[in-house]
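Since the structure comes first, as structure tokens, the remarks are kept for the end.
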Amino acid sequence: MTSRQTGILYRICWTVALLLLAVPFVFPFLWMISGGFKSTTEIFGAPTLIPRIWRFENFAEVFTYQPLARQYFNSLYIAGTVTVLTLFIASLAGYALARIRFAGAGLLMLFLVMALMVPEEVTIIPNFFLIRAMGLIDTHWPLILLPVFGPQGVVATFLMRQFFLALPRELEEAGKMDGLSRFGVWWRIALPMSRPALAAVAVITFLHSWNLFLEPLIFLSSLEKFTLPLALSNFNDSYGLPLWNLQLAATSVAVIPVLVIYLIAQRHIIESFALSGVKG
């Protein structure tokens, strides 16, 4: 057997092995989509991946059972706003912690990382009293402000700091020689070069905001202001029992934006995590 044939056989074996390892991760996703086309009786009957009767009306019914289109828009614009604000603030803070030397910079970063050890469930009560004092109950403001300035913002700042530490200082020094200010160096040099880190932060932040359940449950009470995670738990019959076929159909629709964003940015995400640990 030649070396070329050995290489082809080696790649085939790796491909088959990876496909087998992917089955436990992909199968629940396929089952969710398949369940969205079934009736409740068929879901709990003899298990089959392919529906016996395709009920396309399930995907239309989820939009009439409750204002899912409005709730879908709520999740989209909240997650988009949180992502943009987090990218802006975290990139500024991460650049300052990586490049600007000031007293207590290391201690400040330590305190930020220590804040990640506090579960969000512990801070939800004081946050509720704070939001109520600000008169923002039953609004979307808590779902925007808390993730941006909470633990998710700290994670984003840490990732951006680690990436900026790995950037060559010579490029920034060249920018300063050309007359750029500190803000100009960040905007024109550091930020364009940090696209892998920005993509990783964007996907992580969007996914975190998209999946928020506890905060909407605490701060929202109006049905038209619900976000998707809260709306998905609201597909119940008159006895309070879950309508599983509608929940699975609505969940299948809900994962589309996350899949699209991740497929677009996956290469940058891998590059970011590969470089985030270069310097500490």
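These numbers come from a predicted model, not from an experiment.
- In the hydrophobic cluster analysis, where Ile, Leu, Val, Met, Phe, Trp and Tyr join through side-chain heavy atoms closer than 4.5 angstrom, Phe226 is grouped together with Leu146.
- In this structure, Phe206 CZ and Thr83 OG1 are separated by 6.0 Å, a value rounded to the nearest 0.5 Å.
- Put simply, the side chain of Ser209 never gets that close to the backbone of Thr205: no donor and acceptor are under 3.5 Å apart.
- Under the 4.5 Å side-chain heavy-atom criterion for Ile, Leu, Val, Met, Phe, Trp and Tyr, Leu76 and Phe59 are members of the same hydrophobic cluster.
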Output a table of donor-acceptor pairs, distance under 3.5 Å, between side-chain atoms of residues 89-110 and any protein atom two or more places apart or on a different chain; print 'none' if there are none.
residue	atom	partner	partner atom	Å
Ser91	OG	Leu87	O	2.6
Ser91	OG	Phe88	O	2.9
Tyr95	OH	Glu172	OE1	2.9
Arg99	NE	Glu172	OE1	3.3
Arg99	NE	Glu172	OE2	2.6
Arg99	NH1	Phe164	O	3.3
Arg99	NH2	Phe164	O	3.0
Arg99	NH2	Leu167	O	2.5
Arg99	NH2	Glu172	OE2	3.2

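- When atom types are taken as modelled, the side chain of Glu215 and the backbone of Pro142 share no donor-acceptor pair closer than 3.5 angstrom.
- Remark: side-chain polar atoms of Ser39 are paired, donor with acceptor, to backbone N or O of Glu42 under 3.5 angstrom.
- Interatomic distance, OG1 of Thr86 versus CE of Met160, reported as 11.5 Å (0.5 Å rounding).
- No more than 12 heavy atoms of other residues, nucleotides or ligands lie within 6.0 Å of CD1 in Ile50, so this atom counts as exposed by the packing criterion.
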Show every donor-acceptor pair shorter than 3.5 Å between a side-chain atom in residues 26-38 and any protein atom, with sequence neighbours excluded, or say none if there are none.
residue	atom	partner	partner atom	Å
Ser34	OG	Leu49	O	2.2
Lys38	NZ	Thr48	O	2.4

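- Considering all non-hydrogen atoms of both residues, Leu228 and Ala254 come closest at CD1-CB, 3.8 Å.
- Thr15 is listed as a side-chain neighbour of Leu19, based on a closest heavy-atom distance under 4.5 Å.
- Cluster membership for Leu198 and Val84, using ILVMFWY side-chain heavy atoms within less than 4.5 angstrom, is not shared.
- Heavy atoms only, all atoms of each residue included: Ile189 and Gly175 are closest at CD1-CA, 3.7 Å.
- The side-chain heavy atoms of Leu85 and Leu145, taken from C-beta on, include no pair separated by under 4.5 Å.
- Checked against the 6.0 Å centroid criterion, the rings of Phe219 and His140 do not qualify as a close aromatic pair.
- The shortest heavy-atom contact between Arg195 and Pro192 is NE-O, 3.3 Å.
- Here the CG-CD1 distance, from Leu212 to Ile78, works out to 9.0 Å after rounding to the nearest 0.5 Å.
- The hydrophobic cluster of Val23 has no other members, since no ILVMFWY side-chain heavy atom comes under 4.5 Å of it.
- In this structure, CG on Asn234 lies 11.5 Å from CG on Leu246, to the nearest 0.5 angstrom.
- With rounding to the nearest 0.5 angstrom, the CZ atom of Phe235 is 8.5 Å from the CG atom of Leu243.
- Between the side chains of Asp138 and Ser222, at least one donor-acceptor pair of N or O atoms lies under 3.5 Å.
- Within the 6.0 Å centre-distance limit, the rings of Tyr72 and Trp210 are counted as a close aromatic pair.
- Both Ile256 and Ile261 are assigned to one and the same hydrophobic cluster, defined by single-linkage of ILVMFWY side chains at heavy-atom distances under 4.5 Å.
- Phe25 is linked by a side-chain contact (heavy atoms from CB on, under 4.5 Å) to nothing, counting only residues two or more places apart in sequence or in another chain.
- Rounding to the nearest 0.5 Å gives a distance of 11.0 Å between SG of Cys13 and CG of Leu18.
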Determine all donor-acceptor pairs shorter than 3.5 Å in which one atom belongs to a side chain in residues 113-133; sequence neighbours excluded.
residue	atom	partner	partner atom	Å
Glu120	OE2	His208	NE2	3.4
Thr123	OG1	Glu120	O	3.1
Asn127	ND2	Thr123	O	3.0

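- The salt bridge (Lys or Arg N to Asp or Glu O under 4.0 Å) contacts involving residues 56-85 comprise Arg55-Glu57, where partners must be two or more places apart or lie in separate chains.
- In the hydrophobic cluster analysis, where Ile, Leu, Val, Met, Phe, Trp and Tyr join through side-chain heavy atoms closer than 4.5 angstrom, Ile43 is grouped together with Leu232.
- Residues Leu223 and Gln71 form a side-chain contact, since some pair of their non-hydrogen atoms from C-beta on lies under 4.5 Å apart.
- More than 12 heavy atoms of other residues, nucleotides or ligands lie within 6.0 Å of CZ in Arg182, so this atom counts as buried by the packing criterion.
- Annotation for Phe213: atom CZ counts as buried by contact number, over 12 foreign heavy atoms lying within 6.0 Å.
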